[in-house]
Amino acid sequence: QVLLVESGGGFVQAGGSLRLSCAASGRTFSTDLMGWFRRAPGKEREFVASINWSENRYYADSVKGRFTISRDNAKNTVYLQMNSLKPEDTAVYYCAAARQRSIATRTSEYDYWGQGTQVTVSS
């Protein structure tokens, strides 16, 4: 059974930081594209960041310069370091994996999903 389990969400004041983790199990993810998405209340799920097997990174414009995605293949884990958080970053954050892709920003391009972790940023 393939599982992606997110952790690290919580409540933080604007300007603060959080680090999300996504632990993968059930298969080897070292060659997969790993991504983070988020869904704010009343909005569609949107792309946040991705990192491929050669550690090429891609970010949504809204988080560039503030968020950093990284991966540790030995631990089958991907991270999202979020700095300078804003109230508009409040959302449920989801980890996802895409097989045999080097870049993808649409939800339909990802094969596996976690259950999500809530991030709330107060003003």
Side-chain angles (χ1 to χ4, degrees):
Q1 182 182 6
V2 175
L3 284 176
L4 298 177
V5 180
E6 303 95 337
S7 61
F11 185 93
V12 64
Q13 291 188 330
S17 298
L18 283 174
R19 188 195 195 203
L20 305 183
S21 298
C22 171
S25 62
R27 62 185 294 272
T28 299
F29 287 85
S30 60
T31 58
D32 287 354
L33 175 71
M34 302 298 295
W36 286 97
F37 286 74
R38 66 187 181 187
R39 182 168 60 195
K43 295 187 177 181
E44 297 291 320
R45 193 174 301 195
E46 66 174 3
F47 172 79
V48 174
S50 67
I51 183 169
N52 66 14
W53 63 272
S54 60
E55 301 206 3
N56 292 316
R57 297 167 172 85
Y58 189 72
Y59 297 96
D61 288 342
S62 59
V63 306
K64 277 181 183 176
R66 300 188 299 121
F67 291 10
T68 302
I69 188 171
S70 60
R71 66 191 298 165
D72 184 337
N73 288 333
K75 297 182 178 179
N76 245 11
T77 301
V78 63
Y79 305 96
L80 186 68
Q81 178 66 44
M82 305 186 296
N83 298 329
S84 302
L85 282 162
K86 305 175 181 180
E88 51 263 45
D89 294 318
T90 294
V92 177
Y93 283 72
Y94 299 89
C95 173
R99 296 172 298 179
Q100 300 179 334
R101 290 187 185 274
S102 61
I103 185 170
T105 61
R106 295 179 294 182
T107 57
S108 61
E109 295 175 303
Y110 286 78
D111 302 293
Y112 306 103
W113 290 88
Q115 293 299 306
T117 184
Q118 176 70 48
V119 171
T120 303
V121 185
S122 67
S123 57

| request: Using the ring of Trp53 (Phe, Tyr or Trp, six-membered ring only), decide whether Arg101 places NZ or CZ under 6.0 Å from its centre and within 45 degrees of its axis. | output: no
So OH of Tyr112 and CG of Leu3: to nearest 0.5 Å the spacing works out to 11.5 Å
Below 3.5 Å, can you tabulate the donor-acceptor pairs from side chains in residues 9-32 to any protein atom, sequence neighbours excluded?
residue: Ser17; atom: OG; partner: Asn83; partner atom: OD1; Å: 2.9
residue: Arg27; atom: NH1; partner: Asp32; partner atom: OD2; Å: 2.3

Do the charged groups of Glu46 and Arg38 touch, with an N to O distance under 4.0 Å?
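Yes, this pair counts.
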Nearest heavy-atom contact between Met34 and Leu4 is CE-CD2, 4.3 Å
* May I have the step-by-step check of side-chain contact (heavy atoms from CB on, under 4.5 Å) for Ser50 and Trp36, ending in yes or no? => CA-CA 6 Å; Ser50 67; Trp36 286 97; over 6 Å; no
- Query: So does Arg57 have more than 12 non-hydrogen atoms from other groups sitting under 6.0 Å from CZ?
  - Reply: yes
side-chain contact (heavy atoms from CB on, under 4.5 Å) with Tyr79: of Lys75, Met82, Gln81, only one passes, and it is Lys75
Ring centres of Tyr59 and Phe47 under 6.0 Å apart? no
**Prompt:** If only atom types and distance count, is the side chain of Glu109 paired as donor or acceptor with the main-chain N or O of Thr105 below 3.5 Å?
**Reply:**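 Looks like yes, one N/O pair under 3.5 Å.
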Sorted by chain and number, sequence neighbours left out, ring-ring contact (aromatic ring centres under 6.0 Å, His included) with Tyr94 holds for none
Handout entry: Derivation of the salt bridge (charged side-chain N to carboxylate O under 4.0 Å, His left out) call for Lys64 and Asp61
Key = CA-CA 5 Å; Lys64 277 181 183 176; Asp61 288 342; 3.1 Å; yes
